[in-house]
Structures are given as C-alpha cells and as structure tokens.
Amino acid sequence: MRAVVGFVGTMDYRPNIEAVRWFVRNVWPHVLESIPAARFTIVGRNPVRAVRRLASTRGVEVTGAVQSVPAHLRKMRVFAAPFSIARGIQNKVLEAMAFNRPVVATSSVANTLKVENGRSILVADDAVSFASRIVDLCEFDKYCDQIGEAGFRAVAASYCWADVQRQFEIAVLGP
C-alpha cells in the first residue's frame, strides 16, 4: 500500500484547520525526509483558504467535499489526528479505526476514547514523535496491520449503537 496519510473533517471548523496546519508545517517535513513519495490527503468539505493553501506543499492534497469518505479512508495507510484540543468523542477517529486504519493521534484525542496507546492507537504530542510513528506504520506492514486491527476491535467492543442507545435511554429516562 502506498504511504498515504489522511485526515477527514469539515475543513471550515477551527480545530480541524489548526490540526492540519500544524501537521503540514511541523510533522509532514519529517515524514517526507523518510518517505519522499508520501502523500497527505485532507478530505473534507468547505476548506478555507488557509487549508487550500496547504495543497502547495509537496505531497499534500486537499480534496474538498467528496462523494464517498469511505472510499478515501480505504486509500489511507494511516489516519492522522493531530489535535491540540479535543472535546467529546472523536467520531472521525472512530470511523478511521472502523476501517482498520491505524491512527496516530495526540494524547488529547486518545484520552477521549477507550483505546490503548501502543496497541489500538499510537499517541504522540510532538512533531518528531508523530512523524516517527507514521513512518513506522508506513514502513512495517505487519505492525501497521496489527495496530489497525486492534483499533477496529477497540471500536467494535466499545462503540456500538445499541450500547449508546441504552446509555442515552438511561440518561433520559433513568435506570
């Protein structure tokens, strides 16, 4: 599989904008040092000018709105979640994990999810560590598959609609 790193999100939402801008400025050059042919695909509707400008960076593609997010997820080797601040459940991360895509995320993302660093997700908070984890996943197929599969199992075990509905009913109707 090609070294395609991806991000999915609404690209006029400030946390998403900040995340991809930080990634391209700080992490992406380190990835390209190790994997010159790597690609970073930013998938999401309404990319603001600051996001569209990132496409002028070597190896970066900004898609804008797409007909099928799953089709793009299937092309990704690694999903990046480089958020400095994360609130609530990170559905974009869960979706990537549901597609067996290994995720490299900041601790602020991982802390919102029922995942285990080094097993079902890889956590890094600085640019060099973030890039190193991405490069390892791109270069070692078995490792990439292990993290992707463990992420899928974590999502399947902890985030099914029946459980969410049950929790909602308890919150609204009481036990």
Nearest heavy atoms of Ala127 and Val27, plus distance in Å: CA-CG2, 3.8 Å

Smallest separation among heavy atoms of Arg119 and Ala150, with atom names: O-CB, 3.1 Å

Arg49: salt bridge (charged side-chain N to carboxylate O under 4.0 Å, His left out) partners, not counting sequence neighbours: none

side-chain contact (heavy atoms from CB on, under 4.5 Å) partners of Pro29, counting only residues at least two apart: none

Main-chain N/O of Val128 paired to Ser132 side chain as donor or acceptor, under 3.5 Å: no

Hphob cluster co-occupancy, Phe79 + Phe152, side-chain heavy atoms under 4.5 angstrom: no

Considering only distance and modelled atom types, tabulate donor-acceptor pairs under 3.5 Å from the side chains of residues 65-72, sequence neighbours left out.
| from | atom 1 | to | atom 2 | distance (Å) |
| --- | --- | --- | --- | --- |
| Ser68 | OG | Ala71 | N | 3.1 |

Arg153: salt bridge (charged side-chain N to carboxylate O under 4.0 Å, His left out) partners, not counting sequence neighbours: Glu149

Inter- and intrachain pairs under side-chain hydrogen bond (donor to acceptor under 3.5 Å, both in side chains), touching residues 19-41, at least two apart: Thr41-Glu61

For the student: nearest non-hydrogen atoms of Ala81 and Val109, plus distance: O-CG2, 3.8 Å

Any residue meeting side chain to side chain donor-acceptor pair (under 3.5 Å) with Asp126, in chain and number order, not counting sequence neighbours: Ser129

Using atom types as modelled, flag every donor-acceptor pair under 3.5 Å from a side chain in residues 4-19 to any protein atom, sequence neighbours excluded.
| from | atom 1 | to | atom 2 | distance (Å) |
| --- | --- | --- | --- | --- |
| Arg14 | NE | Glu18 | OE2 | 2.7 |
| Arg14 | NH2 | Glu18 | OE2 | 3.4 |
| Asn16 | ND2 | Thr10 | O | 2.8 |

Derivation and outcome, side-chain contact (heavy atoms from CB on, under 4.5 Å), residues Leu32 and Arg58: CA-CA 9 Å; Leu32 289 175; Arg58 188 176 105 210; 3.4 Å; yes

Distance (rounded to the nearest 0.5 Å) between Glu116 CD and Ile121 CD1: 11.5 Å

Over all atoms of both residues, closest heavy-atom pair of Phe130 and Ala80: CE2-CB, 4.1 Å

Partner set under salt bridge (charged side-chain N to carboxylate O under 4.0 Å, His left out) for Glu139, not counting sequence neighbours: none

With Ser56 via side-chain contact (heavy atoms from CB on, under 4.5 Å) - residues at least two apart: none

Contact summary for Cys144 and Pro102, nearest pair of heavy atoms: SG-CG, 3.5 Å

side-chain contact (heavy atoms from CB on, under 4.5 Å) involving Tyr143 - partner list, sequence neighbours excluded: Leu122, Asp136, Leu137, Phe140, Gln146, Ile147

CA sep, side-chain torsions, deciding dist, call: Val103, Arg133, side-chain contact (heavy atoms from CB on, under 4.5 Å): CA-CA 10 Å; Val103 174; Arg133 283 160 181 76; over 6 Å; no

Audit row: Arg101, Arg74, side-chain contact (heavy atoms from CB on, under 4.5 Å) steps and yes/no: CA-CA 8 Å; Arg101 295 303 174 251; Arg74 286 185 194 97; 4.0 Å; yes

side-chain contact (heavy atoms from CB on, under 4.5 Å) partners for Asp125, two or more places apart: Thr106, Ser107

